[in-house]
Amino acid sequence: MGCLAHRLFTGLITVSFMVLCVTGALAIRNPESEKRVDVKKGIVAFVEVRSAEPATLYIMYPTQYSKYKTAGSVDGTLEFRNITWLIYPVPAMLEDQTLHFVMKGETRFDVVYEDIQDRINRLMKGEERLRAGMEMSVEAGINVVRLTPLLPGLKIALDFSKDARFIIIKTIDLARYRKGIKTFDQLYSEAGLKGSESGFNFSTTDFEDLYLLIETPVPIRVKSVIHATKESAESGC
Amino acid sequence: MKISRRSLLKSMGISMAGGIFINGVSSKKAFGDEKGMPKVHRPILPSPTKKRVVILGGGYSGLYCATTLRELAPEAEIIVVEKYPFFVSGPSHIDIVAGLKHLDDVTRSYDPIAERNIRIVRSEVIGIIPDEKRVLTASGDLEYTLLVISTGIRIADEDVLNLIEQPASNAHAWELGETIEMRRRIEAFRGGKIVITVPTAPFKCPPGPYEVACLLREYFDNKKIKAEITIVDANDKPQPGPLAQKWTGVLESRNINYMPNSKVIEIDAAGRRVITDKGEKVSYDFVSIIPPNKAATFIKDAGLGDPFMDVDPSTFKSKKYDNIFAVGDCAKVPYTKSAFTASLQGKSVAHQVARALGTDVSEPAPIYNICYPYVSSEESLMVRADWDKDGKMLKADVDDPKKEYARSRAAWERGLLSGLFGT
Ligand SMILES: Cc1cc2nc3c(=O)[nH]c(=O)nc-3n(C[C@H](O)[C@H](O)[C@H](O)COP(=O)(O)OP(=O)(O)OC[C@H]3O[C@@H](n4cnc5c(N)ncnc54)[C@H](O)[C@@H]3O)c2cc1C
């Protein structure tokens, strides 16, 4: 796996948002704990969710949202726990899409819209475009963070609020770790993507899910930012 | 990196010193011994006397490539290497598990293809040596001038802990044998929890798992059998992504539980439960794990791509070798992994191969997909997507479930089959 082991993280975030703001048609700054996002066919919305304190975010389709409203059920909804920041893409490739974002506590939502064709054209011309991002808080000890969905050619930047020992592994190694067949130390000695610092940049080479296993003596925040490239667009971005 | 016979066999875990048996043939016999390795081999057919196109895999993409090429390049020798004795239509796997069709409705003999002066060789491909323009099969070697790889996907059971050791615990509709077994288990099911697990995209027939869930709901309801159906999905939404909102409504209306972002990483067959990457344990009475979908390992071993073969989506040509192409589910292309696009890709690559043989042919038609996912045995959704010649998606459409789409689905698959077999 091609590894750009230098730290560009802060710069990357700034550049990402500049890019989004230039192309984005609309930015909503409306503090509330629920947000309905309507996306017209042909458009992709990038929903940015920010919360001062780690909280659980639920993302719901309209039928799920009505069930939540009537029965309080979040069954079947997409759940992100302990997050403080998220960028979630909502592409409306075939038809209009509506999603509801529900998060307890003081939350800020920003939505930036991009034309899908325009985005693909830019990617094909070689531009790099923000695809997804997440910041979450993790406990002291060894934590697992899934990096997904992945395609070949994505650029992933990881940033931790303090130095930590980490490895990036495939699903089967996660299963072996969970089962106690392999320890963190064993996996660390075998892993190609690893380190003991406060950040890491690398590019994906295939579609396989990757998991970040991160060992920290104190609770920290873990941030991941994923950029799409020409190569990822050619694989079906 | 150049792939030599020795490095290929090494990567396949075959020791030349010891030799192994493949289908009863010693590897020393099949590949020659180490000293004389590049020269000594056991050919299936004599070396080509004219331009030979070898197509690996006689599924939709391989056969549409072969039959189109026969028309475009009448002089070429065309060989299809296929491991099964007969053709099976992939989309009908769903109909078989749901009891809507039987095996003999969906299989075809390869004879009508062979009658078009296309040689069908029944053998299993186990390796490619690009630098020697040679394919290794379980029955011997085959030389080519141009090679088209169309072996579809391989079910990566090894990516789910314990699945290889406990194969009898699982049955799914993504392979023929498994499909038949799944149907048998459905008929024997007397009630309880059904768990269907979905791998991370890309996998073949993205709407398939949700269609299976809907058809099982209908089947068990009709039989008055109490079934609690749960889909454990590695993806953050039902697939394909653009259909997610529709699927969510369909699944809810059919009382099918849905767990997004939950990837099954282990099966505990004794405890009858699957374990997700989040550590959740989901109990079942009947499980259908669809393992990750990858291309055949010989593609990776030959350095042609991993987990799918690296090609230029407009020409289907390998990014490494000018005389190797790949189409259909095994290729890394932006097109949906479906029978419809596989057929069009097969036709399209035939044009590229004909050109590479020196024939002046027209521009192939761009790829599009049309698909009618079942929501019940009587109603289907409709999805259509169009790409330009470079694989960029141009437009896409979707429509709500309708009876007429279920009828279109049947006609659509018959059309694909009759294009190859006449019936
Ligand atoms: C449950 C299910 C439902 C589906 N529904 C639909 C649908 O509604 N619409 C749709 O368009 N598509 C559908 N599909 C998908 C469709 O069947 C596949 O995408 C399509 O068959 C791909 O064509 P292919 O030629 O690439 O591969 P395949 O059709 O898989 O053909 C590959 C061939 O290669 C052979 N082969 C593999 N390895 C070797 C080897 N080592 N040596 C020799 N031969 C080998 C195989 O035996 C096979 O004959 C469905 C699939 C499934 C499983």
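Just the heavy atoms: all of them, side chains too, but no hydrogens, waters or symmetry mates, feed the values below. So you know, we letter chains A, B, ... as the sequences are listed, proteins then strands, and number each from 1.
- Only the backbone of B/L394 comes within contact range of chain A, judged by heavy atoms closer than 4.5 Å.
- Using a 4.5 Å cut-off between heavy atoms, A/Q117 touches chain B through its side chain atoms alone.
- Of the residues considered (A/M124, A/K41, A/R176), A/K41 shows the highest number of contacts with chain B, using heavy-atom pairs under 4.5 Å.
- Interatomic distance, CG of A/L99 versus NZ of B/K237, reported as 8.0 Å (0.5 Å rounding).
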Requested in this report: Using the side-chain contact (heavy atoms from CB on, under 4.5 Å) rule, take B/D236 and A/L78 through it: C-alpha gap first, then chi angles, then the decisive distance, then the call.
Outcome: CA-CA 7 Å; B/D236 64 351; A/L78 183 59; 3.7 Å; yes
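- Looking at B/Y335, there are no atoms closer than 4.5 Å to chain A (heavy atoms on both sides), in backbone or side chain.
- Heavy atoms of B/V383 lying under 4.5 Å from chain A belong exclusively to its side chain.
- Among B/A396, B/G249, B/G241, the residue with the largest count of heavy-atom pairs under 4.5 Å with chain A is B/A396.
- To the nearest 0.5 Å, atoms CD (A/Q64) and CD (B/Q245) are separated by 9.5 Å.
- Residue A/D173 does not touch chain B at all, counting heavy-atom pairs closer than 4.5 Å.
- Between B/T248 atom OG1 and A/M60 atom CE the span is 12.5 Å, to the nearest 0.5 Å.
- Proximity to chain A is limited to the backbone of B/K278, based on heavy atoms less than 4.5 angstrom apart.
- Of all heavy-atom pairs between B/P260 and A/T77, the closest is CG-O, 3.4 Å.
- Neither the backbone nor the side chain of A/Y177 comes within less than 4.5 Å of any heavy atom in chain B.
- Once rounded to the nearest 0.5 Å, the distance linking CZ of A/R146 with OG1 of B/T276 reads 9.5 Å.
- Heavy-atom pairs under 4.5 Å with chain A were tallied for B/M259, B/K263, B/M393; the largest tally goes to B/K263.
- Ranked by heavy-atom pairs shorter than 4.5 Å toward chain A, the options B/R384, B/K395, B/E158, B/E266 are led by B/E266.
- Atoms CG and CG, from A/L174 and B/L161 in turn, are 10.0 Å apart once rounded to the nearest 0.5 Å.
- For B/K402, the NZ atom is densely surrounded, since the number of other residues' heavy atoms within 6.0 Å is greater than 12.
- In terms of heavy-atom pairs under 4.5 angstrom with chain A, the leader among B/G391, B/A201, B/A244 is B/A244.
- Heavy-atom distances place no part of B/A385 under 4.5 Å from chain A, backbone and side chain included.
- Residue A/I59 does not touch chain B at all, counting heavy-atom pairs closer than 4.5 Å.
- Contact annotation for B/N261: both backbone and side-chain heavy atoms come within less than 4.5 Å of a heavy atom of chain A.
- If you tally non-hydrogen atom pairs under 4.5 Å between each of B/I265, B/D277, B/T200, B/N257 and chain A, the highest count goes to B/D277.
- Contact between A/D206 and B/D306 at its shortest, heavy atoms only, is CB-O, 3.7 Å.
- When each of A/D75, A/T98, A/V144, A/I116 is checked for heavy-atom pairs under 4.5 Å with chain B, A/T98 comes out on top.
- Residues in residues 240-261 of chain B take part in these salt bridge (Lys or Arg N to Asp or Glu O under 4.0 Å) pairs, two or more places apart or across chains: A/K67-B/E252, A/E95-B/K246, B/K246-B/D400.
- For A/E139, the CD atom counts as loosely surrounded, since its 6.0 Å shell holds 12 or fewer non-hydrogen atoms of other residues, nucleotides or ligands.
- Rounding to the nearest 0.5 Å places NZ of B/K392 at 11.0 Å from CG of A/L123.
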Query raised in the report: Hey, mind stepping through B/W247 and A/Y61 against side-chain contact (heavy atoms from CB on, under 4.5 Å) and telling me if it holds?
Result: CA-CA 10 Å; B/W247 273 132; A/Y61 285 100; over 6 Å; no
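- Around NZ of B/K389, the count of heavy atoms belonging to other residues, nucleotides or ligands within 6.0 Å does not exceed 12.
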